[in-house]
Amino acid sequence: GDSVTQMEGPVTLSEEAFLTINCTYTATGYPSLFWYVQYPGEGLQLLLKATKADDKGSNKGFEATYRKETTSFHLEKGSVQVSDSAVYFCALRRRNSGYALNFGKGTSLLVTP
Amino acid sequence: GAVVSQHPSWVICKSGTSVKIECRSLDFQATTMFWYRQFPKQSLMLMATSNEGSKATYEQGVEKDKFLINHASLTLSTLTVTSAHPEDSSFYICSANQGDEQYFGPGTRLTVT
């Protein structure tokens with residue numbers, strides 16, 4: 001079935017460092033892809049999304065490009081801030097499932113001053 | 001953006017008892033809500049799709065008689081864990097759609113002693 005694999009954390013970076021969190025997917029067809037972020041004590045929030053191959057989603061300095069050839073949707077940010085410390089989830093929307101999502105295990109990011 | 005709430009945020013119950021978790025869409029109506037379960041350091045696993053006015057659709061392997069879902073109105077879905085056991089201890093998260101986007105509640109931590 002459809003699934004998402006993302007790099008395991010925790011990831012610890014210094015402020016202003018470059019961030020990459022890898023995400024690959026397995027799916028029939030071309031699912032929509034998402035990155036969600038969960039700040040401590042809060043619910044998941046949509047960070048960015050891409051609905052077709054070569055689409056680039058971007059928000060708050062984060063970017064991810066839908067790569068069909070490598071079935072990947074890696075999350076990147078050029079300069080992280082302490083406030084980016086959170087858990088990041090890669091997800092895909094399953095075909096013919098309404099809006100249900102399949103999630104990766106999540107990657108915890110800690111940014112230190 | 002749209003807000004989804006859950007109540008309670010955490011609950012402790014004794015083995016064999018039942019516990020009800022509420023999921024509400026606060027400023028929008030949702031004909032479909034989703035219930036997920038998250039184990040520590042694991043991804044969110046979809047348990048069921050809750051449909052207003054009709055029966056819920058359960059994922060394979062989820063016991064419908066154990067996890068009772070009622071979606072009685074356009075703003076409220078409830079998940080009742082019946083005859084809870086320690087292995088039901090987990091983090092339960094609901095979500096609701098508004099348009100093309102899914103909004104998540106903050107989750108409910110259930111501990112069964």
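Here the structure is a predicted model, which means the values were calculated and not measured. Order of the sequence lines sets the chain letters (A, B, ...), proteins ahead of strands, with each chain counted from 1.
Across all non-hydrogen atoms, the minimal contact from B/Leu44 to A/Phe89 is CD1-CE2, 3.8 Å.
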Result block: side-chain N/O donor-acceptor pairs under 3.5 angstrom for residues 101-110 of chain A, not counting sequence neighbours:
from	atom 1	to	atom 2	distance (Å)
A/Asn102	ND2	A/Asp2	O	2.7
A/Thr107	OG1	A/Gln6	NE2	2.8
A/Thr107	OG1	A/Met7	O	2.5

Which pairs of donor and acceptor atoms, one on a side chain in residues 58-67 of chain A, lie under 3.5 Å apart (sequence neighbours left out)?
from	atom 1	to	atom 2	distance (Å)
A/Asn59	ND2	A/Leu47	O	2.9
A/Tyr66	OH	A/Pro31	O	2.7

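Residues from residues 89-97 of chain B that place a non-hydrogen atom less than 4.5 Å from a non-hydrogen atom of chain A comprise B/Phe91, B/Ile93, B/Asn97, given in numerical order. For residues 5-26 of chain B, an interface with chain A (any heavy-atom pair closer than 4.5 Å) does not exist.
For A/Glu15, the CD atom counts as densely surrounded, since its 6.0 Å shell holds more than 12 non-hydrogen atoms of other residues, nucleotides or ligands. Heavy atoms from other residues, nucleotides or ligands lying under 6.0 Å from NZ of B/Lys64 number 12 at most. For CD of B/Glu87, the number of neighbouring non-hydrogen atoms (other residues, nucleotides, ligands) closer than 6.0 Å is greater than 12.
B/Gln60 does not touch chain A: none of its heavy atoms, backbone or side chain, sits under 4.5 Å away. When heavy atoms are compared at a cutoff of 4.5 Å, B/Leu46 approaches chain A solely by way of its side chain, counted from C-beta outward. Within the 4.5 angstrom heavy-atom criterion, no atom of A/Phe34 approaches chain B.
Contact of the A/Gln45 side chain with the B/Tyr103 side chain is not registered, since no non-hydrogen atoms from C-beta on lie closer than 4.5 Å.
Note on B/Phe104: it does not cluster hydrophobically with B/Val4, by side-chain heavy-atom contacts below 4.5 Å among ILVMFWY residues. Under the 4.5 Å side-chain contact rule for hydrophobic residues, A/Val37 and A/Leu13 share a cluster. Under the 4.5 Å side-chain heavy-atom criterion for ILVMFWY residues, a single connected hydrophobic cluster contains both A/Leu75 and A/Tyr39. Follow the hydrophobic side-chain contacts under 4.5 Å out from B/Met33 and you never reach B/Leu76; the two are in separate clusters. Residues B/Val62 and B/Leu110 share a single hydrophobic cluster, defined by chaining ILVMFWY side chains whose heavy atoms lie under 4.5 Å apart.
Interatomic distance, CD of B/Gln102 versus CG of A/Leu46, reported as 10.0 Å (0.5 Å rounding).
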